[in-house]
Amino acid sequence: MKEYLNKDLYEILDITSDADEVQIKSAYRKMARKYHPDVNNNTQESIEKFKEITEAYEILLDVNRRKEYDLLRGYTRRKTENTETNRTQAHKAYSSVSKDKPKQKKNDGTKDSFSKIFNNIMDGLFQSEQPHKEQKKKPKPENGRNINFTVSIKLEEAINGTTRTVNVLHTEKCPKCEGRKFINGAKCPMCKGTGEISIHKRINVKIPAGVKKGSKIRVANEGDKGYNGGKNGDLFLTIEIEDNRLFKFDGLNVLCEIPITPYEAALGATIEIPSVSGNISMKIPPLTTSGQKFRISGQGLKDEKKGKTGDEIVTVKIEMPKDLSDREKELYEELKKHSTQKIRENLK
Ligand SMILES: [Zn+2]
């Protein structure tokens, strides 16, 4: 069905009916730039409009099709032609076309020819645009997005530094349609009309010594790609330190729970405890209770950049032996006899 016969192709391209090839091409270039779906957020409206102007261009540039169109629509291009006669003929022919709709199968291949011709048009456009290239507007620079990633490391790695290979999913502009989403008015087959493709990239990252939980490491330029002179995004790694058997972490502070015996709690003692820098000794005062906390200054994680060091916070827990020897029992009996403390007095 020749739907275009119902349209004013000259009006669509904003040209007069006597426009020559050069004028048609120039008008189409102007329109194509204005209505290209890429510069109109790919709205359905812009896609339709773009198809419409391209169809108009394609028909008017084809000498035979234009002649037929002019005839059927009653346009006269040459002023020497007899306008009256043409109009009458055109009207008759146009009416017959409308009535014979089912017979007009000839144009069913419009889509194919549309894209073929569009390709030619684009080639032609680019060729003719070469000399004006320096006048062309530069596309806007687009900065790439940042990518965030969480990495879990062991305590020793946090203290000594380490490296990690991270597998990052990058988003890049589709190389086939160059981010335009459409090729010849149809959705790009490579990116399915999204304009982007995702690719995995392995990146080696050095994690410096002394990182703490929540530290962020920036790897410049390893985010998503920037375009048209825009900067690449950055990759940000957020550090998680795995809790281990002995320690938990709270920022630069290291938390640890230490068992002590009842007599150490009663008499006080100097005991050896683990720290992130190896074993250290710690003094327990007499009459220490279970759950009491001790802060050992400077035995936490180091933040070399800020010149800060955390503390080790030790919670002691009085632990009973699993079994008592006869002698131990004797001594506890003795202790019981001599005990002066009435610890449940306040409950009465
Ligand atoms: Zn694409």
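The first residue of the sequence shown is numbered 1, and numbering continues consecutively from there. Order of listing sets the numbers, starting from 1, for every ligand and every atom in it.
- Counting heavy-atom neighbours within 6.0 Å of Glu328 CD, excluding the residue itself, gives a total above 12.
- Note on Val254: it does not cluster hydrophobically with Ile271, by side-chain heavy-atom contacts below 4.5 Å among ILVMFWY residues.
- Proximity of a side-chain donor or acceptor of Asp8 to a complementary backbone N or O of Tyr10 within less than 3.5 Å is detected.
- Ionic pairing of Glu333 and Lys337 is not present here: no N-O contact between side-chain nitrogen and carboxylate oxygen is shorter than 4.0 angstrom.
- At a cut-off of 2.8 Å, measuring from the Zn ion (ligand 1), the protein N, O or S atoms that fall short of it are Cys174 SG, Cys177 SG, Cys188 SG, Cys191 SG, waters left aside.
- In terms of modelled atom types and a separation under 3.5 Å, the side chain of Asn253 and the main chain of Glu312 share no donor-acceptor contact.
- Contact check on Glu52 versus Lys49 returns a salt bridge, with a Lys/Arg side-chain nitrogen under 4.0 Å from an Asp/Glu carboxylate oxygen.
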